[in-house]
Amino acid sequence: MMKELGREGVSSEDEEEDRRNLIPQNDAVKPTSNSHSFSPFHVEDTGFVSSVRRRFKMNRKRYLLVILILFLVVFLYFSLGFHNSSVWDVNLIKSPSDRMRESELRALYLLKEQQLGLISLLNSTLGTSLGIGLNYSSSNHNNASGYLNLSEMPVEKSVFEDLKSKIFDGIMLNKEIQKVLLSTHKNGNVSESGVGNDDMVEGGVNICGKVDQKFSERKTIEWNPRSDKYLFAICLSGQMSNHLICLEKHMFFAALLDRILVVPSHKVDYEFNRVLDIEHINKCLGKKAVVTYEEFLEAKKKELRIDRFICYFSQPQKCYVDEEHVKKLKSLGLSVPKLESPWEEDVKKPKKRTVEDVKAKFSSDEGVIAIGDVFFADVEKDWVMQPGGPIAHNCKTLIEPSRLIMITAQRFVQTFLGKDFVALHFRRHGWLKFCNAKNPSCFFSIPQAASCVARVVARANTPVIYLSTDAADSETGLLQSLVVIDGKPVPLVQRPARNSAEKWDALLYRHGLADDSQVEAMLDKTICAMSSVFIGSSGSTFTEDILRLRKGWGTLSVCDEYICQGEAPNFIAEDE
């Protein structure tokens with residue numbers, strides 16, 4: 001019992017000592033009258049709480065100021081868009097490179113605004129008449145045939161076309177500047193503002209409109225041939241394109257002399273019946289004005305002869321006819337008279353002749369006369385160069401590809417190209433020496449030619465190029481790699497080799513016209529003539545014949561031009 005009392009006494013003394021240590025005596029608070037009541041929500045007003053209250057009253061203004069600053073920071077954070085993470089890519093303290101970057105981005109924004117303004121201005125001019133505003137000012141692309149030349153076309157310069165051209169040039173320069181500025185910025189958000197041709201498409205820009213050919217203002221003559229009078233066409237200079245041009249000039253002569261035109265036999269010339277539709281010509285004229293040699297032979301089998309052989313050119317060789325060609329004519333059973341020339345005419349310096357000159361020198365009462373070669377003849381050039389030619393008829397053109405070639409070309413375009421494409425006739429074989437004999441030369445290096453082609457394609461805003469060429473694969477491969485617009489190569493499409501799985505050329509095979517070089521050449525011409533924009537080779541009669549078709553068919557564009565027209569080659573080799 002005594003042990004338990006002693007243990008309790010010690011415990012009481014320990015608790016009392018702990019209480020004194022926890023609550024100092026000088027801070028003790030006397031109990032109030034109701035201190036005996038207890039509430040679970042009651043907090044005793046100790047000395048510590050009172051001290052906190054006094055300190056809060058003293059620093060209340062400081063706390064309010066801190067809260068106000070925090071509220072202002074939160075407000076600015078959301079109102080100025082700092083919650084967007086992209087803003088934090090820019091340092092608060094900008095270095096010189098940062099300021100340069102901001103300047104470049106600002107310049108890009110201003111250029112974009114300028115580009116949109118120019119596109120809007122350009123669109124506002126599209127409602128105006130295109131006229132026939134071709135800007136073919138180059139005087140260095142002389143055409144020896146005097147037949148057709150872009151730089152010599154009789155056109156009226158349209159102010160609106162010139163305005164549109166200048167605006168477009170400004171847009172293209174604007175795009176180039178944007179690309180230069182944008183090249184240093186790899187940020188994905190920046191590149192989304194793009195400077196590609198999509199802007200041009202969305203803006204509705206069509207800088208390469210069709211030329212108004214003013215068919216109603218054509219100056220023509222009627223072709224009324226006498227049934228017993230024939231004109232035998234003699235065409236010897238050059239290849240098929242030259243002969244087609246020569247044949248059309250012979251049609252003009254036949255119309256002036258009221259004679260039926262006889263198309264040469266394939267034994268002395270090309271097989272025209274494989275590439276042309278002779279009956280198409282007669283249907284367009286509404287009369288029998290052109291006959292094949294076989295038809296002529298049937299009509300004149302009892303009197304198979306040429307009564308007069310008249311040479312348009314007397315120098316350097318009459319009619320361009322040599323002994324070998326005379327032998328070929330005689331092998332047909334024709335009697336060939338002595339060659340005669342009604343005037344002094346040099347093929348290297350042809351004189352301008354009129355309708356009256358031709359009638360006076362070539363009219364004859366003989367039944368069958370032959371005239372040759374008239375390819376270089378300069379007779380009423382303005383008439384000959386008209387869309388559709390100088391003779392009155394009911395079609396677009398008199399001399400055009402056969403129906404089979406036309407349909408095959410359409411099927412090729414539908415298969416590989418679509419309605420919007422640029423066609424390029426890129427003459428190379430034997431062209432280096434030919435062009436370097438001119439001043440300036442018309443033979444351009446592949447890189448320079450590629451740059452010129454790319455500029456035209458950018459104007460035309462087309463996705464593909466049809467390439468008609470005799471160039472080697474090494475040249476066409478390099479050309480393909482260099483024709484690039486907005487960092488993307490523009491495909492160069494050529495006619496592929498025969499593939500039985502492809503049916504676009506089936507008509508030619510079914511009719512025995514496949515693998516014929518002249519048929520393939522005419523097919524190339526037809527495809528080029530159907531293009532949105534055409535780029536030709538200066539001095540090439542192949543190009544000239546395409547332009548003749550484009551004028552007649554109404555496909556000639558204000559953007560049509562020769563390769564690097566108005567430029568000189570940046571490098572020319574020395575003479576031998």
Side-chain angles (χ1 to χ4, degrees), residues 134-153 237-242 245 347-348 375-376 422-460 465-485 489-490 492-494 517 520-521 524-525 527-529 531 533-548 550 559-576:
L134 287 172
N135 184 19
Y136 299 123
S137 58
S138 173
S139 60
N140 297 318
H141 298 280
N142 296 322
N143 179 4
S145 70
Y147 178 71
L148 185 63
N149 192 312
L150 284 175
S151 62
E152 296 176 353
M153 284 185 178
S237 65
Q239 300 181 11
M240 171 66 88
S241 296
N242 298 49
I245 294 172
V347 71
K348 295 181 179 179
F375 172 73
F376 293 103
V422 170
L424 169 63
H425 173 226
F426 195 43
R427 174 72 184 271
R428 300 298 277 182
H429 181 69
W431 215 236
L432 176 60
K433 188 173 182 179
F434 171 83
C435 283
N436 281 359
K438 295 184 174 185
N439 185 22
S441 173
C442 55
F443 191 89
F444 298 90
S445 67
I446 297 295
Q448 186 175 0
S451 176
C452 296
V453 170
R455 286 201 302 268
V456 176
V457 175
R459 280 175 172 266
I465 301 171
Y466 177 70
L467 178 61
S468 173
T469 186
D470 55 4
D473 291 343
S474 57
E475 291 183 276
T476 57
L478 179 59
L479 182 68
Q480 173 64 90
S481 67
L482 294 176
V483 179
V484 177
I485 298 177
V490 182
L492 299 180
V493 178
Q494 294 180 266
S517 61
E520 291 178 350
D524 259 9
K525 285 183 183 179
I527 296 171
C528 288
S531 64
V533 174
F534 174 64
I535 307 172
S537 294
S538 174
S540 167
T541 53
F542 191 94
T543 284
E544 288 181 18
D545 205 33
I546 292 170
L547 291 171
R548 177 187 64 82
R550 289 177 66 77
C559 293
D560 286 9
E561 64 177 54
Y562 298 121
I563 297 174
C564 297
Q565 182 166 315
E567 296 184 25
N570 55 29
F571 185 88
I572 301 176
E574 296 179 356
D575 293 334
E576 296 176 4

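Computed over heavy atoms, backbone and side chain alike; hydrogens, waters and symmetry mates excluded.
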K.L.:
Looking at every heavy atom in both Ile485 and Ala454, which two are closest together, and how far apart are they?
P.N.:
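That would be CD1-O, 3.6 Å.
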K.L.:
Check step by step if side chain to side chain contact (heavy atoms under 4.5 Å, CB included) holds for Arg550 and Phe534.
P.N.:
CA-CA 9 Å; Arg550 289 177 66 77; Phe534 174 64; 3.6 Å; yes
K.L.:
Closest approach of Arg427 and Ser540, non-hydrogen atoms and distance?
P.N.:
NH1-OG, 4.5 Å
K.L.:
Taking the side chain as everything from C-beta on, heavy atoms only, tell me whether Thr469 gets closer than 4.5 Å to Gln494.
P.N.:
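They are in side-chain contact.
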K.L.:
Evaluate Ser537 against Ile563 for side chain to side chain contact (heavy atoms under 4.5 Å, CB included), listing each step before the verdict.
P.N.:
CA-CA 6 Å; Ser537 294; Ile563 297 174; 4.1 Å; yes
K.L.:
Should Trp431 and Cys442 count as side-chain neighbours, where that means a heavy-atom distance under 4.5 Å?
P.N.:
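The answer is yes, as the side chains (C-beta and beyond) meet within the 4.5 Å cut-off.
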K.L.:
Check whether Arg455 reaches the backbone of Cys564 with its side chain - one donor and one acceptor, N or O, closer than 3.5 Å.
P.N.:
no
K.L.:
Measure the shortest side-chain to side-chain distance between Leu492 and Thr476 over non-hydrogen atoms and say whether it is less than 4.5 angstrom.
P.N.:
no
K.L.:
Between OG1 of Thr541 and CG of Leu547, what distance do you get to the nearest 0.5 Å?
P.N.:
11.5 Å
K.L.:
Quick check for you: to the nearest 0.5 Å, what is the distance between Ser445 atom OG and Phe571 atom CZ?
P.N.:
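Interatomic distance, Ser445 OG to Phe571 CZ, rounded to 0.5 Å: 10.0 Å.
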K.L.:
Roughly how far apart are Ile535 CD1 and Ile546 CD1, rounded to 0.5 Å?
P.N.:
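Nearest 0.5 Å value for the CD1-CD1 distance: 12.0 Å.
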K.L.:
Should Asn436 and Lys433 count as side-chain neighbours, where that means a heavy-atom distance under 4.5 Å?
P.N.:
no
K.L.:
Apply ring-ring contact (aromatic ring centres under 6.0 Å, His included) to Phe443 and list each qualifying residue two or more places apart in sequence or on a separate chain.
P.N.:
none
K.L.:
With a 3.5 Å distance limit and no angle check, can you tell me whether Gln448 reaches the backbone of Ala568 through a side-chain donor-acceptor pair?
P.N.:
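The answer is yes, because a donor-acceptor pair under 3.5 Å joins these two groups.
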K.L.:
So, the side chain of Ser468 versus the backbone of His425: is there a donor-acceptor pair under 3.5 Å, distance only?
P.N.:
no
K.L.:
Tell me, do Val533 and Asp560 make a side-chain contact under 4.5 Å, heavy atoms counted?
P.N.:
yes
K.L.:
Look up atom CD1 in Ile572 and atom OG in Ser441, then write down how far apart they are to the nearest 0.5 Å.
P.N.:
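Answer rounded to 0.5 Å: 5.0 Å.
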K.L.:
If I take atom CZ from residue Phe444 and atom OG from residue Ser451, how far apart are they, to the nearest 0.5 angstrom?
P.N.:
11.5 Å
K.L.:
Please assess Lys525 against Ser241 for the test side chain to side chain donor-acceptor pair (under 3.5 Å), listing each intermediate value before the final yes or no.
P.N.:
CA-CA 10 Å; Lys525 285 183 183 179; Ser241 296; 2.7 Å; yes
K.L.:
Can you find a heavy atom in the side chain of Leu424 that is under 4.5 Å from one in the side chain of Val456?
P.N.:
no
K.L.:
For Gln239, which residues count as a side-chain contact (heavy atoms from CB on, under 4.5 Å) partner, sequence neighbours excluded?
P.N.:
Tyr270
K.L.:
At what distance, to the nearest 0.5 angstrom, does CD1 of Ile446 lie from CZ of Arg428?
P.N.:
4.0 Å
K.L.:
Heavy atoms, side chains only, cut-off 4.5 Å: are Glu544 and Ile245 in contact?
P.N.:
yes
K.L.:
Looking at Asp470 and His429, would you say the former's side chain and the latter's main chain have a donor-acceptor pair under 3.5 Å?
P.N.:
yes
K.L.:
Side chain to side chain contact (heavy atoms under 4.5 Å, CB included) for Asp524 and Tyr466? Distances and angles first, verdict last.
P.N.:
CA-CA 9 Å; Asp524 259 9; Tyr466 177 70; 2.3 Å; yes
K.L.:
Quick one: list whatever passes ring-ring contact (aromatic ring centres under 6.0 Å, His included) with Phe426, sequence neighbours left out.
P.N.:
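Residues passing ring-ring contact (aromatic ring centres under 6.0 Å, His included) with Phe426: none at all.
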K.L.:
How close do Val422 and Ser531 get, counting heavy atoms only, and between which atoms?
P.N.:
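For Val422 versus Ser531, the nearest heavy atoms are C-CB, 4.4 Å.
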K.L.:
Quick check against the 3.5 Å criterion: does Gln480 have a side-chain atom that pairs as donor or acceptor with the backbone of Val490?
P.N.:
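Side chain of Gln480 to backbone of Val490: a pair is present.
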